[in-house]
Participant: 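One structure, pasted below without further comment.
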Amino acid sequence: MSSDVGNSRGNFIQDIINADVAAGLNGGRVHTRFPPEPNGWLHIGHAVAICLNHGLAVANCGKFNLRFDDTNPLKEEQEFVNAIIADVKWLGADWEDRLFFASDYFALKYNFAVDLIKNGLAYVDDLSAEEIRDRRGTLTEPGQDSPFRNRTIAENLDLFARMKQGEFADGTRVLRAKIDMGSPNINMRDPVLYRIRHAHHHRTGNEWCIYPMYDYSHPIGDALEGITHSICTLEYADHRPLYDWVVHNIGPCSPQPGRPKQIEFGRVGVSHTVMSKRKLRRLVDEGFVDGWDDPRMPTIAGMRRRGYTPSSLRTFADKCGVGRKNMTAELALLEHCIREELNAEATRVMAVLRPLKLTLQNYPADQVEWLTIENNPENPFAGTRQVPFSRELCIEQEDFMEVPTKKFHRLSPGGEVRLKGAYIIKCVEIIKDAATGEVSELICTYDPETKSGGAASSRKVKGTSHWVSAAHAEPIEVRLYDTLFGCENPEAVILGAEFTQNINPHSLVTLSESVVEPYVNQVAPGERMQFLRQGYFILDPLASGGGRRVFNRIVGLKDSFIKGQ
RNA sequence: GGGGGAUUGGUCUAACGGUAGGACGACUGACUCUGGAUCAGUUUGUAGAGGUUCGAAUCCUUUAUCCCCUGCCA
């Protein structure tokens with residue numbers, strides 16, 4: 001994975017790693033992990049976290065694990081496990097043979113909990129959830145000890161074993177850490193370690209009816225796997241003392257030397273979209289998009305379908321950097337990353353999205369020339385291709401203006417334009433639809449002396465238009481995607497308003513009359529290319545098939561003409 | 001007088017007591033058989049106030065603002 005992340009400077013986590021390695025901590029090892037809960041789809045923010053963790057491991061000759069945090073059987077499903085595995089793999093973060101589940105360690109975690117009890121560090125509490133809440137205190141007031149806090153070790157051991165045996169109903173008892181109900185940090189006020197849940201787990205089935213809580217489970221998973229740097233988001237900073245408490249009190253438990261440490265970083269968001277699972281779910285459930293992998297969604301699956309490459313996402317993650325504050329990157333940065341990559345690699349193809357018929361009066365009716373056009377001016381090694389040219393052509397409707405504005409460089413009555421890779425033409429007549437009055441066809445003449453690459457081809461005209469030979473035009477469907485939301489921060493709404501009110505009604509424009517040169521016949525599903533002057537497109541493998549070809553616009557080209565209007 | 005975190009141009013990020021730099025965006029111009037790309041240039045910043053120091057984005061004090069925390073969620 002390409003990455004600046006691992007450079008010895010420029011990122012506070014790498015600084016910490018450098019210091020740890022220099023101090024000989026963990027035997028000099030670096031081992032990170034990505035710990036998703038399989039209860040939803042991954043989004044661009046997760047992608048950044050994956051790249052961070054994996055990039056740090058690679059940059060420091062370390063290892064990277066994928067571990068599912070599946071400690072809550074009520075919310076987690078195998079379907080999400082599969083989707084997340086596919087996403088992480090696609091991104092290029094390689095966990096090799098280290099795919100783990102928090103549930104892999106349920107038995108070990110149980111044994112550690114028994115040890116905690118034996119050491120007087122945990123107790124079974126009979127209080128209800130509500131009673132526990134009432135005694136937890138508030139942000140400004142300390143909590144009160146539970147009346148069950150000082151049970152004997154023997155009684156705790158017995159009760160905890162019976163919790164495991166399934167003797168008690170959900171919610172009737174929990175195992176709590178015995179720390180400090182007076183702590184100013186609420187997480188340290190005797191946090192719940194285990195709760196009773198008679199529920200089916202996607203991996204352990206009905207083997208367990210007690211399940212560990214995140215704060216207890218996560219540090220143990222890290223310790224067992226020999227994780228050295230447990231990177232998580234900012235909101236867990238308050239949990240770090242508890243993380244350290246668990247790691248300290250279970251003692252070293254990995255065959256490898258060292259103990260994990262938690263490091264928090266600011267999550268990354270992107271402008272013009274929403275990121276919370278709840279909001280993304282609403283977009284799907286309420287039909288604003290076609291599903292979790294809709295190309296307008298900021299999910300990894302959506303972006304993959306949209307046409308983003310894994311490397312463009314990795315570049316984006318690198319350019320975002322890492323800090324200790326939550327940030328929102330501009331969508332423009334993301335778009336820059338994919339444009340930069342595709343500009344260097346994508347084959348240029350001529351597609352006419354909204355066709356306007358154009359006839360060359362003085363061009364032989366039965367003649368077809370196969371013109372040679374470069375595949376990518378950025379890359380001479382990309383070679384050339386043959387494109388058919390004939391009397392009847394299609395050009396872009398927007399490349400003709402009956403009454404041209406001052407800065408318009410393309411066809412207008414009596415005006416000239418260069419047809420890309422072909423001839424300079426002149427518009428001599430406009431044919432309008434009798435009913436609508438709209439321009440339906442242009443009659444032009446071509447100048448045979450101006451053939452591209454020819455001896456007299458050096459004459460200059462103001463503009464160049466792309467085109468497709470009508471007789472050779474291949475029909476395609478084009479989906480022009482724009483931002484799902486019209487504003488930078490869709491969540492910023494006045495009180496009582498919904499973020500969905502900021503949805504951009506034009507986020508998807510479908511064109512079914514578009515045409516493209518015959519090159520399309522050799523394009524494989526999933527292949528990306530540039531439609532000259534329009535943007536970068538991908539042949540959508542999911543939407544295409546059965547003779548139907550659907551192209552998604554990944555991102556448009558920058559256009560200083562539109563901006564100047 | 002609860003705890004934790006943060007504050008560098010429009011956005012992100014670097015500078016670790018020694019010239020505030022980079023990226024993206026924006027704007028100019030050049031060039032162009034893609035109004036793309038490329039090239040050249042311009043623009044905007046250390047939240048405020050004190051202090052320490054020869055010298056402060058950096059250390060200290062203080063103010064302000066923003067984010068997170070009272071799940072048997074993660």
Side-chain angles (χ1 to χ4, degrees), chain A residues 9-11 15 35-37 39 69-72 74-76 102 125 127-130 132-133 136-143 170-176 183-189 191-197 211 213-215 217-218 232-241 264 266 268 271 319-337 339-340 343-344 348 350 373-374 377-378 407-410 417-422 424 450 452-453 457-458 460-466 488 530-535 556-564:
Chain A
R9 39 176 308 172
N11 149 359
D15 291 346
E37 183 187 14
N39 72 340
D69 232 323
D70 56 349
T71 56
N72 186 352
L74 265 28
K75 297 170 75 174
E76 293 141 9
D125 196 340
L127 256 27
S128 69
E130 191 179 350
I132 288 178
R133 191 185 321 124
R136 186 152 26 227
T138 67
L139 295 177
T140 54
E141 297 161 325
D170 288 8
T172 55
R173 283 185 170 82
V174 291
L175 183 73
R176 289 230 254 172
S183 172
N185 180 345
I186 293 177
N187 296 297
M188 299 299 271
R189 317 235 264 231
V192 171
L193 266 25
Y194 269 91
R195 75 286 218 189
I196 300 171
R197 283 253 216 278
Y211 291 92
M213 299 287 289
Y214 168 87
D215 282 319
S217 170
H218 202 92
C232 62
T233 45
L234 247 29
E235 66 269 26
Y236 290 101
D238 286 341
H239 298 240
R240 196 184 334 131
E264 311 86 25
V268 172
S271 68
K319 286 185 188 288
C320 283
V322 215
R324 278 191 64 86
K325 65 170 179 181
N326 292 325
M327 57 89 104
T328 304
E330 285 181 339
L331 177 63
L333 180 60
L334 221 201
E335 295 186 333
H336 164 78
C337 293
R339 275 200 199 100
E340 183 183 49
N343 177 53
R348 272 56 170 176
M350 292 198 288
I373 299 184
E374 79 238 336
E378 298 297 313
K407 291 186 173 176
F408 186 73
H409 288 178
R410 297 207 168 78
V417 77
R418 152 81 62 187
L419 291 181
K420 170 74 181 177
I424 292 175
T450 59
S452 290
S457 68
S458 58
K460 303 288 182 196
V461 288
K462 270 199 297 187
T464 303
S465 279
H466 56 103
E488 276 191 28
Q530 184 193 98
F531 285 169
L532 221 60
R533 273 191 51 235
Q534 297 292 351
L557 257 27
K558 289 211 277 186
D559 190 337
S560 53
F561 177 61
I562 289 178
K563 272 191 285 193

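Numbers restart at 1 for each chain; the letters A, B, ... are given by sequence-line order, proteins then strands.
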Participant: Suppose we screen for side-chain hydrogen bond (donor to acceptor under 3.5 Å, both in side chains). Which residues come up paired with A:Arg240, at least two apart in sequence or across chains?
Facilitator: A:Glu264
Participant: Contact class for A:Lys325 vs. all strands (heavy atom < 4.0 Å): base, sugar-phosphate, or nothing?
Facilitator: sugar-phosphate
Participant: Roughly how many Å is it from CG in A:Asn11 to P in B:rC16, rounded to a whole number?
Facilitator: 16 Å
Participant: Pick the P atom in B:rU61 and in B:rA6, then give their distance to the nearest Å.
Facilitator: 15 Å
Participant: In whole Å, measure the gap between the P atoms of B:rA37 and B:rC27 for me.
Facilitator: 13 Å
Participant: Counting only side-chain heavy atoms from C-beta out, which of B:rA23, B:rG36, B:rA6 sits nearest to A:Arg348?
Facilitator: B:rG36
Participant: May I ask you to say what A:Pro377 touches in the nucleic acid, namely base, sugar-phosphate or nothing, with a heavy-atom cut-off under 4.0 Å?
Facilitator: base
Participant: What are the two closest heavy atoms between A:Phe561 and A:Lys407, and how far apart are they?
Facilitator: CE1-O, 3.7 Å
Participant: For B:rA47 and B:rU58, measure between their P atoms and round to the nearest Å.
Facilitator: 8 Å
Participant: Roughly, in whole Å, what's the span from NE2 in A:His336 to P in B:rG36?
Facilitator: 16 Å
Participant: Could you work out the separation of B:rC24 and B:rU19 based on their C1' atoms and round it to a whole Å?
Facilitator: 25 Å
Participant: When only distance counts, do a donor and an acceptor, one from the side chain of A:Glu488 and one from the base of B:rG10, lie under 3.5 Å apart?
Facilitator: no
Participant: Does the side chain to side chain contact (heavy atoms under 4.5 Å, CB included) test come out yes or no for A:Arg418 and A:Lys460, once each step is laid out?
Facilitator: CA-CA 8 Å; A:Arg418 152 81 62 187; A:Lys460 303 288 182 196; over 6 Å; no
Participant: Between A:Asn343 and A:Arg240, which is nearer to the 5' end of RNA chain B once each is assigned its nearest nucleotide?
Facilitator: A:Arg240
Participant: Could you check how far CZ of A:Arg339 sits from P of B:rU38, rounded to whole Å?
Facilitator: 11 Å
Participant: Please give, in whole Å, the distance from B:rC31 P to A:Lys462 NZ?
Facilitator: 16 Å
Participant: Under 4.0 Å between any heavy atoms, over every strand shown, what does A:Phe408 touch: base, sugar-phosphate, or nothing? Just pick one.
Facilitator: base
Participant: If B:rC66 has a Watson-Crick or G-U wobble mate with both distances under 3.5 Å, name it; if not, just say none.
Facilitator: B:rG5
Participant: Would the base of B:rG10 count as contacting A:Glu330 through its side chain, where contact means a donor and an acceptor less than 3.5 Å apart?
Facilitator: yes
Participant: What interatomic distance, in whole Å, is found between P of B:rU70 and the corresponding atom of B:rG55?
Facilitator: 47 Å
Participant: Strictly under 4.0 angstrom, non-hydrogen atoms only: write out the protein contact profile of nucleotides 68-74 of chain B, one letter per nucleotide from the 5' end, B, S or -.
Facilitator: BBBSBBB
Participant: Which heavy atom in A:Leu234 sits nearest to a heavy atom in A:Lys325, and how many Å separate them?
Facilitator: CD2-CA, 3.7 Å
Participant: How is A:Leu333 classified with respect to the nucleic acid when contacts are heavy atoms under 4.0 Å: base, sugar-phosphate, or nothing?
Facilitator: sugar-phosphate
Participant: Provide, to the nearest angstrom, the distance between the CD atom belonging to A:Glu378 and the C1' atom belonging to B:rU38.
Facilitator: 7 Å
Participant: Could you tell me whether A:Gly453 contacts a base, only the sugar-phosphate backbone, or nothing, with contacts defined as non-hydrogen atoms closer than 4.0 Å?
Facilitator: base
Participant: Could you measure between the two P atoms, the one in B:rG25 and the one in B:rC31, and give it in whole Å?
Facilitator: 23 Å
Participant: Which is true for A:Arg418 with a 4.0 Å heavy-atom rule: it touches a base, it touches only sugar-phosphate, or it touches nothing?
Facilitator: base
Participant: Write down the atom of A:Ala102, the atom of A:Thr71, and the distance for their closest heavy-atom approach.
Facilitator: CB-CG2, 3.9 Å
Participant: Give a yes/no on whether any side-chain N or O of A:Lys558 is located under 4.0 angstrom from OP1 or OP2 of B:rG25.
Facilitator: yes
Participant: Give me syn or anti for B:rG36, where syn covers glycosidic angles within 90 degrees of 0.
Facilitator: anti
Participant: Can you check the A:Arg533 CZ to B:rU32 P distance for me, whole Å?
Facilitator: 18 Å
Participant: Between A:Arg176 and A:Asp125, is a salt bridge (Lys or Arg N to Asp or Glu O under 4.0 Å) present by the stated rule, with each step listed?
Facilitator: CA-CA 7 Å; A:Arg176 289 230 254 172; A:Asp125 196 340; 3.0 Å; yes
Participant: Start with the C-alpha distance between A:Gln530 and A:Leu557, add both sets of side-chain angles, then the distance that settles side chain to side chain contact (heavy atoms under 4.5 Å, CB included), and finish with yes or no.
Facilitator: CA-CA 9 Å; A:Gln530 184 193 98; A:Leu557 257 27; 3.8 Å; yes
Participant: Can you name the nearest heavy-atom pair linking A:Cys320 to A:Val268, along with the distance?
Facilitator: SG-CG1, 4.0 Å
Participant: Does A:His466 reach a base, just sugar-phosphate, or nothing at all? Heavy atoms under 4.0 Å.
Facilitator: nothing
Participant: With both distances under 3.5 Å as the test, what is the Watson-Crick or G-U wobble partner of B:rC12?
Facilitator: B:rG22
Participant: Assign each of A:Gln530 and A:Met327 to its nearest nucleotide of RNA chain B by heavy atoms, then name whichever residue's nucleotide is nearer the 5' end.
Facilitator: A:Met327
Participant: Write down the distance separating the C1' atoms in B:rG48 and B:rU13, rounded off to the nearest Å.
Facilitator: 24 Å
Participant: Using atom P in both nucleotides, what's the gap between B:rU46 and B:rU7 to the nearest angstrom?
Facilitator: 15 Å
Participant: Testing the basics here: between A:Glu37 and A:Asp69, what is the closest heavy-atom pair and its distance to 0.1 Å?
Facilitator: CG-O, 3.5 Å
Participant: Using a cut-off of less than 4.0 Å, is there contact between a side-chain N or O of A:Thr328 and OP1 or OP2 of B:rC12?
Facilitator: no
Participant: Rounded to whole Å, please give me the gap between NE2 in A:His409 and P in B:rG36.
Facilitator: 11 Å
Participant: Pairing check on B:rG45: which nucleotide meets the Watson-Crick or G-U wobble criteria with it, both distances under 3.5 Å?
Facilitator: none
Participant: By side chain to side chain contact (heavy atoms under 4.5 Å, CB included), which residues pair with A:Pro377, not counting sequence neighbours?
Facilitator: A:Arg348, A:Glu374
